[in-house]
Novice: 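Please read through the structure below; I'll follow up with questions.
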Amino acid sequence: MILALQEWLAAQVRAVARDSFGAELGHVAVQYPPKIELGDIALTAPFDLAKTLRRKPRDIAEALAPALAKLPGIRRAAVAGGGYVNLFLDRGRFARDLAGALAAKSAAAAVPGSVVVEHTSINPNKAAHIGHVRNATLGDTFVRVLRARGRTVGVQNYIDDTGVQVADVVVGFLYMEGKSQAEVEAIPGKFDYYCWELYARVGDFYAASPENKARQAEVLHAIEEGGNDVARLAEHVAERIVVCHLATMRRLDIRYELLAHERDVLRLHFWDRAFELLKQSGALRLETDGKNAGCWVLTMAGEAEGDADRIDEDKIIVRSNGTVTYTGKDIAYQLWKLGRLDRDFNYRRHSTDDSGHLVWTTTSGPGEPGAPAFGHATSAFNVIDVGQSYPQRVVKAGVAALGYVAEAENSHHLGYEKVVLSPATARALGYSVGEDDAIVKVSGRKGLGVKADDLIDALIAKAESEIELRDAERDAVARRRDATAIAVGALRYFLLKFGRSKIITFDMEEALAFVGETGPYIQNGVVRARNIFAKLVADGQDPARLRERALGLDLAALLEGEEGDEVWTLLLLIARSEEAMELSVRSEEVAPLAKHAFAVAQAFHSYYQKPRYSILHAESDDLRAFRAFVVDTFIRQMEALLGVLGIPVPDRM
RNA sequence: GCGCCCGUAGCUCAAUUGGAUAGAGCGUCGGCCUCCGAAGCCGAAGGUUACAAGUUCGAUUCUUGUCGGGCGCACCA
């Protein structure tokens with residue numbers, strides 16, 4: 001509702017500027033004064049007009065203010081600072097509109113087209129670690145925001161089941177442990193943990209002799225070839241690990257619509273088709289001499305047009321031996337995502353989780369009927385670490401080179417920095433750390449890192465002991481359930497509060513914190529707010545009637561004065577949630593939304609903590625109704641926000 | 001060498017994308033449980049936004065340069 005208000009306001013400001021000065025305004029920024037006394041909404045239009053009109057911003061503001069003050073829903077307009085026009089809103093009307101919008105759970109208008117988001121995409125050869133969880137949490141949250149803002153989104157998890165990493169573990173099973181497929185299948189317990197340890201030892205095995213190292217290429221070749229025992233073992237390993245990954249992510253409420261397998265990209269000849277297209281269009285060039293002789297290369301034009309002397313090196317897409325690089329396969333996959341490859345996968349049902357959510361998988365065998373339409377999206381987001389920026393740029397350039405300029409434009413790389421370990425945490429995990437090391441890099445190859453399931457377990461254990469401290473009577477099932485919700489909230493918020501370009505130094509103690517700027521702090525606000533309503537009901541009050549009564553009150557009057565100002569600050573912040581989500585979509589960054597949720601919780605905590613604003617002990621029925629209305633509004637918005645952040649709300653905490 | 005990212009309070013991070021007196025959390029110090037739950041609240045101390053120029057009404061934000069740190073630039077994935 002606040003976005004509609006802003007849009008309307010912007011149009012009014014443009015009209016007033018036209019009437020007063022005959023000037024045309026482009027974008028009209030709607031901001032917020034640093035202090036509530038200065039006004040509710042700040043306009044910077046006078047500064048923009050000052051440039052073209054060659055007059056002082058302040059004079060322009062003085063001229064605009066009276067006309068703006070006359071607008072409906074605006075109480076008055078004041079000129080402040082160097083030339084701001086600050087508007088004071090009709091608070092009662094605003095509050096009523098906000099409550100109406102929240103009660104209606106009014107969804108954002110549907111945006112035409114569809115979006116594919118690819119995230120997680122962990123090599124299926126070991127357990128997921130904290131870095132993978134950052135990827136999945138970021139991707140999943142972005143998907144939730146997109147959906148909240150009206151996009152139709154399909155989530156894909158790319159399974160690189162024919163790559164060297166899977167091959168390495170297969171080498172481990174076959175040549176280090178001498179296991180048959182039956183023996184591998186018989187391995188009990190957490191298979192992803194087993195492979196984690198095994199994978200960490202393969203490096204040493206390769207280093208021991210050239211013969212050992214030669215096994216890697218041998219196995220990789222057999223896997224790519226398919227239809228043999230080695231490939232079947234690889235298939236088993238990858239599939240079983242994927243099941244582990246899905247289970248781990250499910251704990252964090254992260255789901256997928258499709259598991260896209262690299263094996264099927266190969267078997268269904270996606271690349272062959274893409275190669276034809278790229279050759280036809282002249283996007284790829286066969287080098288006849290020089291260091292790249294015999295290779296098909298893609299010319300990477302400089303970022304800026306006409307920047308001829310800044311042309312990057314050509315990127316090899318097809319090697320001189322005729323095999324395609326990873327980047328080439330990725331171009332084919334990207335073309336398919338965007339509906340520009342006249343090939344499709346076959347699909348079959350993969351599994352249904354405990355919530356009833358169905359995941360499909362690609363297959364090169366016969367497909368099952370009933371699959372929804374995958375791919376063919378108008379835009380695609382690839383959640384991949386920032387180290388992959390260059391290959392991602394190549395993929396984009398490949399799409400563009402085919403003449404699909406819009407599609408390339410709509411290919412987004414949602415890059416994020418890595419997660420490293422604090423020395424303390426690395427030591428606690430038993431790794432030797434140098435005295436002057438500020439950080440320790442995780443390394444799947446060395447088995448160095450915090451496994452996702454271990455971390456979640458530790459968080460749940462911590463939450464359980466915290467619950468034990470305050471609520472010893474709580475039965476085991478409920479305690480476990482709430483501890484899990486707290487753990488998930490803590491972990492997701494911890495990973496979301498950092499901007500994408502920030503390296504996260506993971507420290508166990510910090511991640512286990514439940515106080516301060518954390519998920520549990522936000523959850524606590526909602527739990528306690530709900531508790532107030534529970535007490536009201538226990539007191540014989542009817543929340544629905546309180547709400548009814550509140551809407552019949554003179555809200556404008558109640559939103560004045562000391563308590564009124566404080567409530568108003570909270571309501572305005574709540575209303576800005578819609579704006580925060582939209583900003584999150586536009587900036588492709590979810591951290592500000594997480595911070596916003598925290599800010600709302602903080603404003604609420606500050607308000608309801610004060611005994612003089614008590615609801616149960618309110619001085620009058622009207623005041624009780626008014627305050628209940630505020631709490632109700634907070635709960636509704638917070639439930640929506642936490643839903644978008646994927647943070648559950650415990651019953652008690 | 002070229003490209004990208006980062007540098008803001010003791011520590012970890014924000015800053016509405018060029019706006020008003022740069023804000024939070026942790027930590028430190030001091031208060032608040034006869035008061036809807038203290039996983040909370042209130043207050044204090046803490047800043048030359050790495051440095052230097054420039055652009056303009058206005059710069060943490062844009063430009064250039066310098067310094068420091070990270071990553072990328074494979075016929076690996």
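As a basis for the values below, the full set of heavy atoms in this structure was taken, side chains included, without hydrogen atoms, waters or symmetry mates.
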Novice: A/Thr325 side chain N/O closer than 4.0 Å to the phosphate oxygens (OP1, OP2) of B/A77?
Specialist: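 Checking B/A77 against A/Thr325, no side-chain N or O comes under 4.0 Å of OP1 or OP2.
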Novice: Give one of base, sugar-phosphate or nothing for A/Asp507, where a contact means two heavy atoms less than 4.0 Å apart.
Specialist: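 Answer is nothing: A/Asp507 stays at 4.0 Å or more from every strand.
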Novice: Heavy-atom contacts under 4.0 Å between residues 613-630 of chain A and RNA chain B, which residues?
Specialist: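 A/Tyr613, A/Ser614, A/Ile615, A/Leu616, A/His617 - these, ordered by number, are the residues of the stretch whose heavy atoms sit under 4.0 Å from the strand.
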Novice: Would you give a per-nucleotide map of nucleotides 21-29 of chain B, 5' to 3', where B means the base has a protein non-hydrogen atom under 4.0 Å away, S means only the sugar-phosphate does, and - means neither?
Specialist: ---SSS---
Novice: Counting side-chain heavy atoms from C-beta on, which of B/A20, B/A77, B/A38 comes nearest to A/Gln609?
Specialist: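 The nucleotide sitting nearest to the side chain is B/A38.
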Novice: Ignoring hydrogens and angles, are the base of B/C41 and the side chain of A/Ser606 linked by a donor-acceptor pair under 3.5 Å?
Specialist: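 No, no donor-acceptor pair under 3.5 Å.
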Novice: Among residues 576-593 of chain A, which ones have heavy-atom contacts with RNA chain B below 4.0 Å?
Specialist: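 Per residue number, the list reads A/Arg576, A/Ser587.
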Novice: Just to verify, what does A/Glu579 make a side-chain contact (heavy atoms from CB on, under 4.5 Å) with, not counting sequence neighbours?
Specialist: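 So A/Glu579 forms a side-chain contact (heavy atoms from CB on, under 4.5 Å) with A/Ile2, A/Leu3, A/Gln6, A/Tyr32, A/Arg576.
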Novice: So does A/Glu619 pair up with A/Arg627, basic N to acidic O under 4.0 Å?
Specialist: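 A salt bridge is present here (some side-chain N lies under 4.0 Å from a carboxylate O).
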Novice: So does A/Lys610 pair up with A/Glu563, basic N to acidic O under 4.0 Å?
Specialist: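 Between A/Glu563 and A/Lys610 there is no salt bridge, as every charged N stays at least 4.0 Å from the carboxylate O atoms.
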Novice: Here's one to test your reading of the geometry: is the NZ or CZ of A/Lys497 within 45 degrees of the ring axis of A/Phe598 and under 6.0 Å from its centre?
Specialist: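 Checked: cation-pi criterion not met.
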Novice: If you look at every strand shown and take non-hydrogen atoms under 4.0 Å, does A/Lys502 touch a base, only sugar-phosphate, or nothing?
Specialist: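 It contacts sugar-phosphate atoms only.
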Novice: Have a look at A/Leu469 and say if it touches a base, only the backbone sugar-phosphate, or nothing, with a 4.0 Å heavy-atom cut-off.
Specialist: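 If one applies the 4.0 Å heavy-atom cut-off, A/Leu469 turns out to touch nothing in the nucleic acid.
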Novice: Sorted by first residue and then second, give each salt bridge (charged side-chain N to carboxylate O under 4.0 Å, His left out) pair with at least one member in residues 28-41 of chain A; sequence neighbours left out.
Specialist: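 Matches after skipping sequence neighbours: A/Asp40-A/Arg91.
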Novice: Which pairs, with at least one residue in residues 508-526 of chain A and sequence neighbours excluded, count as a salt bridge (charged side-chain N to carboxylate O under 4.0 Å, His left out)?
Specialist: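 Qualifying pairs: A/Glu517-A/Lys595.
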Novice: Could you give the side-chain donor-acceptor pairs of residues 46-59 of chain A under 3.5 Å, partners two or more places apart or in another chain?
Specialist:
from    : atom 1 : to      : atom 2 : distance (Å)
A/Thr52 : OG1    : A/Leu49 : O      : 3.1
A/Arg58 : NH1    : A/Gly81 : O      : 2.6

Novice: Between A/Asn531 and B/G37, is there a contact of a side-chain N or O with OP1 or OP2 at under 4.0 Å?
Specialist: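 Affirmative; the distance criterion is met.
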Novice: Classify the nucleic acid contact of A/Glu510 as base, sugar-phosphate or nothing, counting any heavy atom under 4.0 Å across all strands shown.
Specialist: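 The residue A/Glu510 makes sugar-phosphate contact but no base contact.
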Novice: For the side chain of A/Ser320, counting heavy atoms from C-beta on, which of B/C75, B/A77, B/G40 is nearest?
Specialist: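 When the side chain of A/Ser320 is considered, B/C75 is the closest of B/C75, B/A77, B/G40.
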Novice: Which pairs of donor and acceptor atoms, one on a side chain in residues 533-541 of chain A, lie under 3.5 Å apart (sequence neighbours left out)?
Specialist:
none

Novice: Would you jot down, in residue-number order, the residues of residues 38-47 of chain A having a non-hydrogen atom under 4.0 Å from RNA chain B?
Specialist: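 Within this stretch, A/Ala42, A/Phe47 sit under 4.0 Å of the strand.
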Novice: Quick one: is A/Arg528 getting a side-chain N or O under 4.0 Å of the B/G40 phosphate, OP1 or OP2?
Specialist: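 No.
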Novice: Pairs counted only when both distances fall under 3.5 Å, Watson-Crick or G-U: show me the 5' to 3' dot-bracket for RNA chain B, [ ] for pseudoknotted crossings and | for other-strand partners.
Specialist: (((((((..((((.....[...)))).(((((.......))))).....(((((..]....))))))))))))....
Novice: Considering only atom P, compute the distance from B/G58 to B/G3 and round it to an integer number of Å.
Specialist: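 Their P atoms lie roughly 31 Å apart.
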Novice: So, A/Tyr158 and A/Asn382: side-chain donor and acceptor under 3.5 Å apart, yes or no?
Specialist: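 Side chains of A/Tyr158 and A/Asn382: no pair found under 3.5 Å.
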Novice: Check the phosphate of B/A74 against A/Lys291, side-chain N and O only, distance under 4.0 Å to OP1 or OP2. Yes or no?
Specialist: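 Indeed not, no polar side-chain atom of A/Lys291 lies that close.
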Novice: What residues, two or more places apart in sequence or in another chain, satisfy side chain to side chain donor-acceptor pair (under 3.5 Å) together with A/Glu62?
Specialist: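 Scan of A/Glu62 (side chain to side chain donor-acceptor pair (under 3.5 Å), adjacent residues dropped) gives none.
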Novice: Could you pull out the protein-nucleic contacts involving nucleotides 69-73 of chain B (nitrogen or oxygen on both sides, under 3.5 Å)?
Specialist:
from  : atom 1 : to       : atom 2 : distance (Å)
B/G70 : O2'    : A/Lys418 : NZ     : 3.4
B/C71 : OP1    : A/Lys441 : NZ     : 2.2

Novice: If only side-chain N and O atoms of A/Tyr333 are considered, is one of them under 4.0 Å from the OP1 or OP2 phosphate oxygen of B/A77?
Specialist: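 Answer no for this pair, as no side-chain N or O of A/Tyr333 is under 4.0 Å from OP1 or OP2.
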